[in-house]
Number of protein chains: 2
Amino acid sequence: MTASASSRLSIDDWTERALALLMDEGVGAIKINRLCRELGVTKGSFYWHFADLDAFLAAIAEKWCAETREALSGLSELHALPPLERIRAMALRLIDDRSWSVERALREWAKDDAKVAVVIVEADQFVFELVQAALLELGHSAQDARLRAGLLVYAGIGFAHGQASLPQPTADDIENLITFLSSEAQP
Amino acid sequence: MTASASSRLSIDDWTERALALLMDEGVGAIKINRLCRELGVTKGSFYWHFADLDAFLAAIAEKWCAETREALSGLSELHALPPLERIRAMALRLIDDRSWSVERALREWAKDDAKVAVVIVEADQFVFELVQAALLELGHSAQDARLRAGLLVYAGIGFAHGQASLPQPTADDIENLITFLSSEAQP
DNA sequence: ACCTGAACACCGTTCAAGT
DNA sequence: ACCTGAACACCGTTCAAGT
C-alpha cells in the first residue's frame with residue numbers, strides 16, 4: 001500500500017514509522033530528530049508535512065483510529081455465530097492477542113485528544129454491545145445482560161492494563177468465565 | 001509533617017509538589033524548571049538534591065509507594081467484617097473514590113520502574129486475595145473463588161482506565177454485581 | 001550543607017533559500 | 001511541491017563559585 005520507493009516522503013511514511021516506534025518503545029520514543037534520521041531527511045522536511053508535534057501525533061492517532069475501525073467492522077461477521085460462540089470470541093480477543101501496548105498508549109492519549117477518545121469509546125462500546133446482545137439472546141434480563149457484559153469489557157480493559165499483576169488466566173479459566181457469565185440468574 | 005517554613009528545601013518538599021502536579025496535570029507537567037519556579041529556587045538546587053530527573057521520578061514513586069502501602073495496611077481492619085461486607089468494601093473502593101489519575105500514571109510508569117511495578121502488584125494482589133478469601137468463606141470452590149475475585153479486580157482496574165467509555169455503574173449495579181459474584185456456582 | 005549563575009547539549013520550531 | 005541549513009527558545013544537566 002505504501003510502497004513509496006520514491007525519494008520523497010508521504011504522510012503515511014511518517015505515521016507508519018511512528019506507530020512502529022509507539023508499539024516497540026512507547027510514546028516517549030517518538031522524537032522528530034530520530035524519525036528524521038531513520039527516514040533520511042532533515043527536520044525541515046517534517047515541518048513541511050506537519051504543523052508541529054501535536055499535529056503529527058494527531059495524524060498518528062488518526063491512522064490508528066482508521067485501522068482500529070477497520071478491524072472492528074471485520075468482526076461484524078461474528079453475528080452469524082451462536083451467542084455463546086460470540087461471547088467466547090470476545091473473551092479470547094480481550095485476553096489473547098493484539099498490540100495492547102499501542103492501545104494502552106492510545107488510551108492514555110485519549111485524555112488529551114478527543115478524536116482518539118471517540119474511537120476508544122467506539123471500540124469498547126462495540127464489544128460491550130456484542131456481548132450484551134448475546135446474553136439477551138440467551139434469555140437474560142436487560143439489567144442482567146448489561147451488568148455482565150460491562151463486567152467482561154471492564155475486566156478486559158483491566159487485563160490489558162494490569163501488566164500481569166495477577167496470574168494469567170488459562171484456557172480453562174476462560175471457559176469457566178464464559179460459563180459463569182452466561183449462567184442463569186438467581187432470584 | 002512537612003511544615004518546612006525554613007528557607008531550605010527538603011526532599012519531601014520536592015516530591016510532594018511533584019505528586020500534586022502529577023494528579024492535576026499528569027506526568028508531563030513535572031518539569032524541573034517549573035518546580036524550581038514554584039518552589040522559588042534555581043535548578044542547581046534541584047541537582048543538589050537529586051542526581052537527575054530519573055532519580056527524582058524514582059523518589060516521587062517511592063513516596064507514592066509508601067503512601068499506598070500505608071493505605072493498604074489501613075484496610076486490614078476489614079478482616080473483622082463479614083465476607084459479603086468485605087467484598088462490598090472492595091467493590092466500592094475500586095469504583096468510587098481515590099486518585100485514579102495518579103494510579104493510572106503510576107501504572108504506566110511501572111513499565112519502566114521495577115519498584116513501582118512491585119507496589120502496583122502488591123495493591124492488586126491485596127484486593128484479589130481479600131475478595132478471594134471472602135468467597136472461600138462463603139463456600140465457593142477454590143477455582144470458583146479465584147475466577148470471580150480475578151474478574152472483580154480486573155474489572156476494577158479496567159474501570160479506572162476506561163475513562164467512562166461505558167456508562168458508570170450505579171449503586172444498584174454494584175449491589176447486583178456483588179450478588180452475581182457471590183451467587184452459587186451451577187454444575 | 002544548600003544554593004546561585006552561567007554554560008552546554010538536545011529537542012521542538014521557524015524560515016529563508018534551494019531544487 | 002518537497003526539502004536543506006542555519007537559527008532560536010526551551011529543558012535537562014554540569015560545575016565552579018558563593019553563603
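No hydrogens, no waters, no symmetry mates; every other heavy atom, side chains included, goes into these values. Letters go in sequence order (proteins before strands), and every chain restarts at 1. Note that the coordinates shown come from a computational prediction; the quantities given were computed from them, not determined experimentally.
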Using the ring of each side chain (for Trp, its six-membered ring), is B:H49 parallel, tilted or perpendicular to B:W14, with breaks at 30° and 60°? tilted
Under a 4.0 Å N-O cut-off, is there an ion pair linking B:R17 with B:D13? no
Counting side-chain heavy atoms from C-beta on, which of D:dC11, C:dC3, D:dC3 comes nearest to B:N33? D:dC11
Under the side-chain hydrogen bond (donor to acceptor under 3.5 Å, both in side chains) criterion, do B:N176 and B:T179 qualify, and how do the steps go? CA-CA 5 Å; B:N176 290 328; B:T179 306; 5.0 Å; no
The nucleotide from D:dT13, C:dC3, C:dT13 with an atom nearest the side chain of B:W48 is C:dC3
Which residues within residues 52-60 of chain A lie with some heavy atom under 4.0 Å of an atom in DNA chain C? A:D52, A:L53
Pairing partner of C:dA7 (Watson-Crick or G-U wobble, both distances under 3.5 Å): D:dT13
Check whether any side-chain heavy atom of B:R107 lies under 4.5 Å from a side-chain heavy atom of B:H161, and answer yes or no. yes
Given atom CZ of A:F46 and atom P of D:dA1, what is their separation to the nearest angstrom? 20 Å
Under-3.5 Å donor-acceptor pair between B:K31 side chain and D:dG12 base: no
Scanning all shown strands, the Watson-Crick or wobble mate of D:dT19 with both distances under 3.5 Å is C:dA1
Decide yes or no on ring pair (Phe, Tyr, Trp, His ring centres under 6.0 Å) for B:Y154 and A:Y154, but give the supporting numbers first. CA-CA 7 Å; B:Y154 275 131; A:Y154 276 132; over 10 Å; no
Could you check which of D:dT13, C:dC3, D:dG5 has an atom nearest any side-chain atom of B:I32? D:dT13
Establish, with yes or no, whether the OP1 or OP2 oxygen of C:dT13 is under 4.0 angstrom from a side-chain nitrogen or oxygen of A:Y47. yes
Under a 4.0 Å threshold between the charged nitrogen and the carboxylate oxygen, would A:K31 count as salt-bridged to A:E38? no
What is the distance, rounded to the nearest whole Å, between atom CG of B:D13 and atom C1' of C:dC2? 13 Å
Indicate yes or no: at least one non-hydrogen side-chain atom of B:V118 is less than 4.5 angstrom from one of B:V121. no
Of the candidate nucleotides C:dT13, D:dG12, D:dT4, which contains the atom at the shortest distance from the side chain of B:K43? D:dG12
With a cut-off of less than 4.0 Å, is there a side-chain N or O of A:H49 near OP1 or OP2 of D:dA1? no
Give the rounded distance in Å between these two atoms: CZ of B:F50 and P of D:dC15. 19 Å
